[in-house]
Structure formats: structure tokens, C-alpha cells
Amino acid sequence: MESNQADGFFEWVYKIVRQIPYGRVSTYGAIARYLGSGGSARMVGWAMNASFKALPAVPAHRVVNRLGMLTGKAHFPGPNLMKELLENEGIKVINNQIQNFNIVFWDPMVELEGMQ
DNA sequence: ATTGTGACGTTGC
DNA sequence: TGCAACGCCACAA
């Protein structure tokens, strides 16, 4: 098949990331844990890899590693696209690291608490 | 089914 | 936070 939509994990990840509000960011681990696959944090990142073809577009720039570093910026079409997108939302990014990460951090397990 | 792999996380130094 | 090593899990060939 032409793999229109990922059967499970990918689509699920997209759904979570799309719920990240403006000016907020999340982490791979937090998302993975919310999906119940805490150990599969790497898969979340991998899902982002395919997120570019996902519709509606997934704000992958709002997903960083647990240190708040733009580890995935290298995978964006532009070397500084991820950083500019975040700063465009009012998020301070210095040296590939998000400032006030603890403030802008958006945890699906907390924000989506009770939703499921 | 088997192998390789990866936008991570954790632990240790 | 930096580097090294291991673990861990879903997907692609």
C-alpha cells in the first residue's frame, strides 16, 4: 500500500503534537509516555520525520528533546527554520536551546489530563 | 521473520 | 551540559 496514514503510532503522535498551543513546546519523551510507550521516545522523533507529509501540517518545531534543545532542527528544510518558527511564537531560542523551557513546556499528560 | 536504524532517555564519568 | 554506552520500541527494506 502507499502508506497513506501511519496505522498507529505516527498518526497518534501527530494528533498530540497538533494540540500543542501557540507559544508552547513539548518533548519527545512526554509524548511517548502519554502514548503509553515511554521507551519509544525515539519513535516520536521518527514520526516527526514523516510529519512533513502529514496533513494538516504538524508543528514539529514545537517538539524538542527533554533538555529543550532543537535537536531536530537539522532535519528542517532550513538550518534555522525551526529556531525562527519558535521565536516567531515568542519563544526564546539561544544556541539551539529554548530559554524558559520550564515555562513554555507543554505536557500532554498534564494539559490533556482527563481528556483521553 | 530478521536486521538496521533513529529529530530519545537514562545512567555513569 | 558534554561525551560514551546501553536500553528501548516501532517502522522500513
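Just so we're on the same page: letters track the sequence lines, and every chain starts at 1.
Here the side chains of A:Thr27 and A:Asn65 are not in contact, with every heavy-atom distance at 4.5 Å or above.
For the pair A:Arg66 and B:dT10, the criterion of a side-chain N or O lying under 4.0 Å from OP1 or OP2 is met.
A:Ser26 places no side-chain N or O within donor-acceptor distance of the main-chain N or O of A:Val63, the cut-off being under 3.5 Å. Between the side chain of A:Tyr14 and the backbone N or O of A:Ala47, at least one donor-acceptor pair lies under 3.5 Å.
Under the 30°/60° scheme for interplanar angles, the aromatic rings of A:Phe101 and A:Phe105 are found to be tilted.
A search for side-chain contact (heavy atoms from CB on, under 4.5 Å) contacts involving A:Asn80 returns A:Lys73, A:Glu84, not counting sequence neighbours.
Among residues at least two apart or in separate chains, ring-ring contact (aromatic ring centres under 6.0 Å, His included) pairs with a member in residues 45-68 of chain A are A:Phe52-A:Phe76.
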At under 4.0 Å between heavy atoms, which parts of nucleotides 1-7 of chain B does protein reach? Answer with one letter per nucleotide, 5' to 3': B base, S sugar-phosphate only, - none.
---BBBB
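Rounded to whole Å, the distance from OH on A:Tyr34 to C1' on C:dC9 is 20 Å. A straight line from CD1 of A:Ile31 to P of C:dA10 spans 16 Å, rounded to a whole angstrom. Distance CG (A:Leu67) to P (C:dG2): 8 Å, rounded to an integer number of Å. At whole-Å resolution of the value, CZ in A:Phe9 and P in C:dC8 are 15 Å apart.
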